[in-house]
Number of protein chains: 2
Amino acid sequence: MAKDEDRIEIDDNTGFVGDYLLYLLAAASDAASADFHAHVREQGLRVPEWRILACLSDEDGQMVTQLAQLALIEQSHLTKIVDQMAAKGLVKRRSDERDRRRVRVFLTAAGRALGARLVDQARAHEHAIIARLRPGEAALLKDALKHIHALYRAGSRVSAAPAAAPVELEARPT
Amino acid sequence: MAKDEDRIEIDDNTGFVGDYLLYLLAAASDAASADFHAHVREQGLRVPEWRILACLSDEDGQMVTQLAQLALIEQSHLTKIVDQMAAKGLVKRRSDERDRRRVRVFLTAAGRALGARLVDQARAHEHAIIARLRPGEAALLKDALKHIHALYRAGSRVSAAPAAAPVELEARPT
DNA sequence: TCAATTAATATGAATTCGCATATTTTTGCC
DNA sequence: GGCAAAAATATGCGAATTCATATTAATTGA
């Protein structure tokens, strides 16, 4: 039987984090993704690899920097993952003809097949999620998320505290 | 001047990821959080440390497992971060009187002060974000995020593909 | 056209992170 | 009461991730 101090605040609305937008975004993202990410790992892929497959399925032959930004992966990390995926035979590199600094990443046949399969499964999974929401809720949510994403893509600081003056560390001494 | 192949798809609506809920959640979360996370790091804290401070500011003396779940950090990792924060003098451990398996984490005076300051700044930053959204959009968004979070907190699989049959890896060989 | 600057990617070292599991304490059941 | 099972935390280690920087290529402008 649960002791007093065991009871978990089911929805502690009194706190800060429980209504903090950035927390809600991170928490919802984590929670909603957990299932599918587990599925991805069961297929022998890591989450970043799945993201790369998905992004390349949308548009093959992206350059490394592009792909990293789209797949939410830091550039040097992406480079290493592409190494591994190339070793697994899922992608291959080809340097851009016109600008030989650039390296474009292409799906192999196996990568394309695996990507297509996972994208299908992701679609199905998404349907299942949306089915648990209220009618129209998903559309509203997606719109708002796209809006936020668009606002903060490039940069355009929001200034939590003047970016120049990093918020004096010890506020007024008495 | 930009060459043809340079133009970046401003909003590639034709693709899968650009309208995939789990992607939008992760991308919006990343994008919206980038600024404040940078601010946190300028203060000499890592993001998980900030999350811990925020969670403890809401409710001090949480047990490790509780705190890990709330702060979106894996348990063994949280343990290590608490070690470091204790070394920095931001938190201290105290084992629970009634159940000595449990370890409760408390803010020190310094930790409480730093946490309070950052929470204030986070509130200001959140206001700045919300100000850039449409009226009422933030409320709708938060509701939807809380809804999703609530649906997927404990588990309750959504089945993307039969969890038991992990989707045969090489489909029919001709 | 050449040097300086900028852009794109890769590399190496240091750190963070997560899984599996050990350890300690409590609970449930006979 | 005592023993198996469960719960809470910590630990070790390997892999993932990041940061700073090296490398190579293109661009600029004098």
Side-chain angles (χ1 to χ4, degrees), chain A residues 1-8 26 30 33-34 37-38 40-42 44-52 61-88 91-106, chain B residues 1-8 26 30 33-34 37-38 40-42 44-52 61-88 91-106:
Chain A
M1 182 177 299
K3 294 179 292 188
D4 327 326
E5 69 277 19
D6 281 352
R7 76 198 141 155
I8 288 187
D30 274 25
S33 301
H37 286 179
V40 164
R41 279 184 288 265
E42 284 163 9
L45 284 183
R46 287 167 297 154
V47 170
E49 292 177 315
W50 145 238
R51 291 211 169 117
I52 289 172
Q62 296 188 64
M63 38 179 289
V64 167
T65 306
Q66 233 181 129
L67 187 55
Q69 184 180 348
L70 191 60
L72 312 175
I73 302 171
E74 190 265 340
Q75 179 265 316
S76 74
H77 186 207
L78 181 97
T79 289
K80 288 162 189 167
I81 296 174
V82 167
D83 287 345
Q84 300 171 29
M85 292 178 76
K88 287 191 199 175
V91 301
K92 59 188 178 235
R93 281 181 229 254
R94 178 147 31 102
S95 89
D96 189 300
E97 286 298 305
R98 319 202 200 188
D99 185 339
R100 293 211 308 287
R101 292 172 300 183
R102 296 180 175 176
V103 170
R104 299 200 172 266
V105 184
F106 294 87
Chain B
M1 182 177 298
K3 294 179 292 188
D4 330 326
E5 69 275 20
D6 281 351
R7 75 202 142 150
I8 288 187
D30 275 23
S33 300
H37 286 179
V40 164
R41 280 185 287 264
E42 283 163 9
L45 285 182
R46 285 167 299 156
V47 170
E49 292 177 314
W50 145 240
R51 291 211 170 117
I52 289 172
Q62 296 188 63
M63 38 179 291
V64 167
T65 306
Q66 235 181 127
L67 187 55
Q69 185 180 349
L70 191 59
L72 312 176
I73 302 171
E74 190 267 339
Q75 179 265 316
S76 74
H77 186 207
L78 182 99
T79 290
K80 290 162 191 170
I81 295 175
V82 167
D83 288 344
Q84 301 171 28
M85 293 178 75
K88 288 191 200 175
V91 301
K92 59 190 179 232
R93 283 180 228 252
R94 178 146 32 100
S95 89
D96 190 298
E97 286 298 306
R98 320 203 197 186
D99 185 339
R100 292 212 308 289
R101 291 173 301 183
R102 297 179 176 179
V103 170
R104 298 201 172 264
V105 184
F106 293 87

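Each chain gets a letter, A, B and so on, in the order its sequence line appears, and its residues count up from 1. Nothing here was measured: the structure is a model prediction, and the numbers come from that model.
Atom CG of A/D99 is separated from atom P of C/dT9 by 8 Å (rounded to the nearest Å). When rounded to the nearest whole Å, the span between CD of B/Q66 and C1' of D/dA8 equals 12 Å. The nearest whole Å value for the distance from the CD1 atom in A/I52 to the P atom in D/dA16 is 12 Å. Straight-line distance from the CZ atom of B/R102 to the C1' atom of D/dA7: 9 Å, rounded to whole Å. Rounded to whole Å, the distance from CD on A/Q69 to C1' on C/dA7 is 15 Å. Whole-Å rounding puts the A/H37 NE2 to C/dC19 C1' distance at 18 Å. Look at CG on A/L67: it is 15 Å from C1' on C/dA10, rounded to the nearest Å. The distance from atom CD of A/E49 to atom C1' of D/dA16 is 11 Å, rounded to the nearest whole Å.
With sequence neighbours left out, the salt bridge (charged side-chain N to carboxylate O under 4.0 Å, His left out) criterion links B/K92 to no other residue. Under the side-chain contact (heavy atoms from CB on, under 4.5 Å) criterion, B/H77 pairs with B/I73, B/E74, B/I81, not counting sequence neighbours. Remark: A/R46 pairs with A/E49 by the salt bridge (charged side-chain N to carboxylate O under 4.0 Å, His left out) rule, at least two apart or across chains. Every salt bridge (charged side-chain N to carboxylate O under 4.0 Å, His left out) that B/R101 has, sequence neighbours left out, goes to B/D99. Partners of B/L70 under the side-chain contact (heavy atoms from CB on, under 4.5 Å) rule, at least two apart in sequence or in another chain, are A/Y23, B/C55, B/Q62. Judged as a side-chain contact (heavy atoms from CB on, under 4.5 Å), and not counting sequence neighbours, the contacts of B/V103 are B/V64, B/R93. Residues passing the side-chain contact (heavy atoms from CB on, under 4.5 Å) test with A/R41 are A/H37, A/V47, sequence neighbours excluded.
Across all their heavy atoms, B/G61 and B/R104 have their closest contact at O-NH1, 3.0 Å.
Nearest-nucleotide positions on DNA chain D for A/E97 and A/I73 put A/I73 closer to the 5' end.
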Please tabulate the protein-to-nucleotide N/O contacts below 3.5 Å involving nucleotides 19-24 of chain D, giving atom names and distances.
residue	atom	partner	partner atom	Å
D/dC19	N4	A/S76	OG	2.6

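Terminal axes of the helix from C/dT1-D/dA30 to C/dC30-D/dG1 (five pairs each, C1' rotation axis) are separated by 30°, to the nearest 10°.
Side-chain contact, B/Q75 with B/T79: a donor N or O sits under 3.5 Å from an acceptor N or O.
Distances shorter than 4.0 Å separate none of the side-chain N or O atoms of B/T65 from OP1 or OP2 on D/dA7.
With D/dT9, C/dA10, D/dT17 as the choices, the nucleotide that has an atom nearest any side-chain atom of A/R46 turns out to be D/dT17.
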